[in-house]
Amino acid sequence: MSLAQPTRVRFAPSPTGYLHVGSARTALFNWLYARSVGGTMVLRIEDTDESRNRPELTQAIFEYLEWLGIHYDEGPYYQSERRDRHRDAVQRLLDDGRAYLCDADDNELAGTEMADGRAVRFRTPEGTTVIDDVVRREVAVDHAQLGDFVIWRSDGSPTFVLANAVDDADMAITHAIRGEDLLSSTPRAVLVAEALGATPPIYAHLPLLVNEQRKKLSKRRDDVSLESYRRRGFLASAMANYLALLGWGPRDGVEIRPMAEIIGQFRLEDVNRAPAFFDIAKLEHFNGVYIRELDTEQLLVAIEPHLTGNEVPWPPERYRPDVVAAVVPLVQEKLRTLDGIVPQVDWLLCPEVPMDESSWDKAVVRGKASVEILDGTIAALVDCPWDPETVKDAVFAVGEAHGVNRSKSQAPVRVAVTGRSVGPPLFEPMVHHLTREEVLRRLRNARSRL
RNA sequence: GCCCCGUUCGUCUAGAGGCCUAGGACGCCAGAUUCUCAAUCUGGUAACACGGGUUCGAAUCCCGUACGGGGUGCCA
C-alpha cells in the first residue's frame with residue numbers, strides 16, 4: 001500500500017427500514033477504525049435493488065447512527081444514483097472481453113451491446129484469488145467455485161458485487177470492514193475490481209452476531225432492530241459501549257469506558273474470528289451502570305418518553321412529572337432499563353392499585369400476621385401525624401407487637417398500597433404523594449380481601 | 001453435497017512459545033448491608049473441543065478429527 005494513501009472506510013447498509021444491531025456493530029467498528037487512524041468514514045446506501053429504493057427505508061439508518069453517536073464524514077451516497085457509473089463499468093468489461101451477454105436461460109450471446117432482457121456475466125478466469133483479510137489472514141478461493149457470475153441484471157440494474165466493487169474504487173475506499181457473511185462474495189468483488197484496473201480495498205471480515213442457538217441474528221426470531229432496544233429503555237451510550245465489545249476486547253480488560261478511550265485502544269487486527277453471542281443480560285448490566293452515571297436531570301429527560309407513551313398503565317391525564325421527579329432519585333441506582341421506572345411509579349399514578357397476584361399471595365396471604373398488621377396499621381394511620389417517619393414507626397410498632405421484624409412488617413402494607421412486593425422505599429413517596437384517605441382505602445380493600 | 005471460516009469459564013473476552021497453578025467482565029452461588037427488590041462491598045464457582053506432531057518448553061506453531069457457523073440467486 002502506498003504511504004500517502006489516506007484511510008477511507010465505508011459503512012454500506014441496504015435500506016431495510018430499521019438499523020440491525022449487527023449492522024450497527026459493523027458501522028461502529030468502521031467508525032472506531034477510522035477514528036483510531038485518523039481516516040474518513042463514508043456512508044453509502046446500497047439501494048440497487050429497486051424495492052429498497054425508498055426514502056422512508058433509509059431514515060432509520062440515519063436516525064440510529066446518530067443515536068449511537070456514529071458520525072460519518074462523507075455521504076450519504078446512494079448507489080441507485082450511480083447507475084451510469086455501474087453501466088459504464090459493465091460496458092468496459094464487455095468491450096474488453098472480460099464479461100459476456102446472456103439470455104434468460106443463461107446462454108451466452110454474441111456481441112457487446114447491453115440491452116433490456118440481457119444479463120451480463122463476468123467471465124471468471126481460471127486460477128485462485130487470495131484475500132489478505134485483516135481479521136482472518138489469508139483466505140484462498142479457487143475460481144472454479146465462483147463460476148461466471150451475473151454482474152448486470154436483465155432488468156438493467158447492477159448486482160451487489162459489481163456496484164460494490166465499482167463504488168469502492170470510485171470512492172477510493174482503502175478498507176472494507178463488514179460482516180463475515182460477505183466473505184464468500186469477496187473474491188468476486190476482487191476479480192471485478194482488478195478486471196476494471198482498480199486496486200481492491202483491504203478487507204476485514206467481522207465475526208457475526210449470533211443468538212442463543214448460535215445462529216446469525218435474524219429479523220424473524222430475534223430482537224434485532226436498534227429501535228426496539230431504545231424503546232425498551234437502553235441508553236445509546238451503553239449500547240455503543242457493549243457493541244464495541246462483541247468480537248473485540250481491550251487489552252487492559254477495562255470494559256466500561258468512554259468511547260474516546262475505546263478509540264484509543266481499538267486495533268482492527270485484534271478483532272476475533274469466532275461468532276459472538278449478543279448477551280442482553282450483560283447489556284442490561286452496562287445500561288444500569290450508565291443510568292447510575294446520569295444526574296437526576298438527565299435521567300428525567302431520558303425517562304420521559306417511557307412515561308408518556310401509550311403503553312403506560314395509567315390514564316395520561318393522571319401523569320404527574322413532579323411525583324416522578326420525587327421518586328426517581330430513590331430508584332435510580334437500581335434501574336437497569338429506562339422503562340423499569342414504570343412499575344416504580346405506577347402505583348402513585350393509577351387510580352387503582354395495580355395488584356400483582358403473586359406478590360399478594362406471597363406477602364399477604366402467606367405472610368406472617370398479615371391480618372393483624374393490616375388492622376393495626378389502619379388503626380394507627382387513622383389519626384397519626386401524616387409524615388414518613390411517624391407512619392414508618394407506626395407500621396414497625398404494629399409488627400413488633402406481633403413478633404414480626406421490620407422487613408416482614410412492611411410487606412403486607414407495601415403490597416396493599418403499591419400492588420407489589422418490590423418497589424421504591426415505601427414510606428416517603430406513600431405519605432408525600434398519596435393522601436391519608438387513599439392509603440387507608442387501599443389498606444381496607446386489602447384487609448377485606450382476606 | 002460443495003466451498004469458506006471458526007473453536008479459551010454458561011456468555012463476552014485477555015492471552016501473539018516460557019510472565020498461565022490461564023486474567024477480567026456478565027451470569028450464577030454465598031456473606032455483609034437493608035423497610036422490599038435492587039444497587040454496593042466481600043468471597044466463591046467455572047474454560048484452553050479432541051488426537052497427533054514440532055519444540056528443552058504450546059492455550060499460543062503444524063496436521064487430522066469432532067462440533068459449530070457462513071456461503072452456495074439475474075438478494076444485499
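Every chain is numbered from 1, with letters handed out A, B, ... down the list of sequences.
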Exercise for the section: Give one of base, sugar-phosphate or nothing for A/R121, where a contact means two heavy atoms less than 4.0 Å apart. Expected result: sugar-phosphate

Exercise for the section: Taking only the side-chain heavy atoms of A/T159 (C-beta and beyond), determine which of B/A39, B/A76, B/G69 contains the nearest atom. Expected result: B/A76

Practice task
Look at the side chain of A/S154 and the base of B/C74, then say whether one donor and one acceptor between them are separated by less than 3.5 Å.
Solution key: yes

Exercise for the section: Check the distance between B/U13's C1' and A/F266's CZ and give it to me in whole angstrom. Expected result: 14 Å

Completion exercise
Checking A/R85, A/R10, A/R82 against A/D167 for salt bridge (charged side-chain N to carboxylate O under 4.0 Å, His left out), the one that qualifies is A/R82

Exercise for the section: Looking at every strand, decide which applies to A/S407 at a 4.0 Å heavy-atom threshold: base, sugar-phosphate, or nothing. Expected result: sugar-phosphate

Completion exercise
dist A/F427:CZ -> A/E389:CD (nearest 0.5 Å) comes out at 9.5 Å

Problem - Side-chain donor or acceptor of A/D295 paired with backbone N/O of A/Q298 under 3.5 Å - result: yes

Exercise for the section: Just call it for A/P424: base, sugar-phosphate, or nothing, with non-hydrogen atoms closer than 4.0 Å on any strand. Expected result: base

Practice task
Would you mind classifying the nucleic acid contact of A/N287 as base, sugar-phosphate or nothing, using non-hydrogen atoms under 4.0 angstrom?
Solution key: nothing

Problem - Closest to the A/S14 side chain, choosing from B/A76, B/G69, B/C12 - result: B/A76

Problem - Rounded distance in Å between the P positions of B/G64 and B/A22 - result: 31 Å

Exercise for the section: Mind telling me whether A/F62 and A/Y78 have parallel, tilted or perpendicular rings, with 30° and 60° as the class edges? Expected result: perpendicular

Problem - Between B/G69 (P) and A/L209 (CG): distance, integer Å - result: 16 Å

Practice task
Determine the contact category for A/R136: base if any of its heavy atoms lies under 4.0 Å from a base atom, sugar-phosphate if only primed atoms, P, OP1 or OP2 are that close, otherwise nothing.
Solution key: sugar-phosphate

Handout entry: B/U42: pairing nucleotide in any strand, Watson-Crick or G-U under 3.5 angstrom
Key = B/A30

Practice task
Grab the CZ-P distance between A/F286 and B/U13 for me, whole Å please.
Solution key: 11 Å

Exercise for the section: Can you figure out which of B/C4, B/A38, B/A14 approaches the side chain of A/V139 most closely? Expected result: B/C4

Exercise for the section: Remember a base hit wins even if backbone is also touched, and classify A/P275 as base, sugar-phosphate or nothing at under 4.0 Å, heavy atoms. Expected result: sugar-phosphate

Practice task
Both distances under 3.5 Å, Watson-Crick or G-U wobble: report the partner of B/A58, or none.
Solution key: none

Problem - Minimum-distance nucleotide (side-chain atoms of A/R414 versus B/U7, B/A16, B/U36) - result: B/U36

Problem - ring pair (Phe, Tyr, Trp, His ring centres under 6.0 Å) partner of A/Y229, the single match among A/Y64, A/Y18, A/F278 - result: A/F278

Exercise for the section: Would you indicate what A/G247 reaches in the nucleic acid, counting non-hydrogen atoms under 4.0 angstrom: base, sugar-phosphate, or nothing? Expected result: sugar-phosphate

Problem - Residue-phosphate contact under 4.0 Å: A/R336 side-chain N/O, B/G27 OP1/OP2 - result: yes

Practice task
Describe the nucleic acid contact of A/R273 in one word from base, sugar-phosphate, nothing, applying a heavy-atom distance below 4.0 Å.
Solution key: sugar-phosphate

Handout entry: Salt-bridge contact A/E400-A/R406 (side-chain N to carboxylate O under 4.0 Å)
Key = no

Exercise for the section: Can you tell me the pairing partner of B/U11 across any strand shown, Watson-Crick or G-U wobble, with both distances under 3.5 angstrom? Expected result: B/A25

Fill in the blank from the handout: Here the distance between atom C1' of B/C37 and atom CD1 of A/I341, to the nearest Å, is 14 Å

Handout entry: A/L182 side chain, from C-beta outward: closest of B/A76, B/C35, B/U7
Key = B/A76

Completion exercise
Comparing A/W248 with A/Q79, nearest RNA chain B nucleotide closer to 5' gives the residue A/W248

Exercise for the section: Would you give the length of the straight line joining atom CD of A/E108 to atom CG of A/L101, rounded to the nearest 0.5 angstrom? Expected result: 8.5 Å

Exercise for the section: Check whether any side-chain nitrogen or oxygen of A/R406 sits under 4.0 Å from OP1 or OP2 of B/U34, and answer yes or no. Expected result: no

Handout entry: Within 45° cone and under 6.0 Å: A/R25 NZ/CZ vs A/F29 ring
Key = yes

Fill in the blank from the handout: Checking N1-N3 plus N6-O4 or O6-N4 for Watson-Crick, or N1-O2 and O6-N3 for wobble, each under 3.5 Å, the partner of B/U36 is none

Handout entry: Presence of donor-acceptor pair under 3.5 Å, side chain of A/K392 and base of B/C35
Key = no

Completion exercise
Mate of B/A49 across any strand shown (Watson-Crick or G-U wobble, both atom pairs under 3.5 Å) is B/U65

Exercise for the section: Please tell me which of the listed nucleotides, B/A38, B/C35, B/G71, lies nearest to the side chain of A/L426? Expected result: B/C35

Practice task
Kindly indicate whether the side chain of A/T129, heavy atoms from C-beta on, has any atom under 4.5 Å from the side chain of A/H143.
Solution key: yes

Fill in the blank from the handout: When A/A140 and A/F160 are each assigned the nearest nucleotide of RNA chain B, the 5'-most assignment goes to A/A140

Practice task
Compare the minimum distances between each of B/C74, B/C35, B/A76 and the side chain of A/Q410, then state the nucleotide with the smallest one.
Solution key: B/C35

Exercise for the section: Answer yes or no: does a side-chain N or O of A/R214 lie under 4.0 Å from OP1 or OP2 of B/C12? Expected result: yes

Exercise for the section: Please work out if A/F149 contacts a base, only the sugar-phosphate, or nothing of the nucleic acid, heavy-atom cut-off 4.0 Å. Expected result: nothing

Problem - Partner nucleotide of B/C2 by Watson-Crick or wobble geometry (both distances under 3.5 Å) - result: B/G71

Exercise for the section: Using a 4.0 Å heavy-atom cut-off across all strands, classify A/A119 as base, sugar-phosphate, or nothing. Expected result: base

Handout entry: For B/A16, the Watson-Crick or wobble partner whose two distances fall under 3.5 Å
Key = none

Problem - Phosphate-side-chain proximity, A/K215 and B/G69, N/O vs OP1/OP2 below 4.0 Å - result: yes

Practice task
Calculate the interatomic distance between A/D181 atom CG and B/G68 atom P; express it in whole Å.
Solution key: 20 Å

Problem - Interatomic distance, A/F277 CZ vs B/C26 C1' [rounded to whole Å] - result: 11 Å

Handout entry: A/W347 six-ring face occupied by A/R420 cation (under 6.0 Å, within 45°)
Key = no

Handout entry: P-based separation of B/C63 from B/G6 [nearest Å]
Key = 11 Å

Practice task
Look at the side chain of A/S185 and decide which nucleotide, out of B/U36, B/A38, B/A76, has an atom nearest to it.
Solution key: B/A76

Practice task
Ignoring backbone atoms, establish whether A/N272 has a side-chain N or O less than 4.0 Å from OP1 or OP2 of B/U7.
Solution key: no

Exercise for the section: Report the distance from atom CD of A/Q145 to atom P of B/G70, rounded to the nearest whole Å. Expected result: 19 Å

Practice task
Ignoring hydrogens and angles, answer whether the base of B/G24 and the side-chain atoms of A/E255 contain a donor-acceptor pair closer than 3.5 Å.
Solution key: yes

Exercise for the section: Nearest whole angstrom, please: distance from the P of B/C5 to the NZ of A/K216. Expected result: 18 Å

Exercise for the section: State whether A/R292 places a side-chain N or O below 4.0 Å from either non-bridging phosphate oxygen (OP1 or OP2) of B/U40. Expected result: yes

Fill in the blank from the handout: A/D279 has its side chain closest, among B/U11, B/A38, B/A14, to B/U11

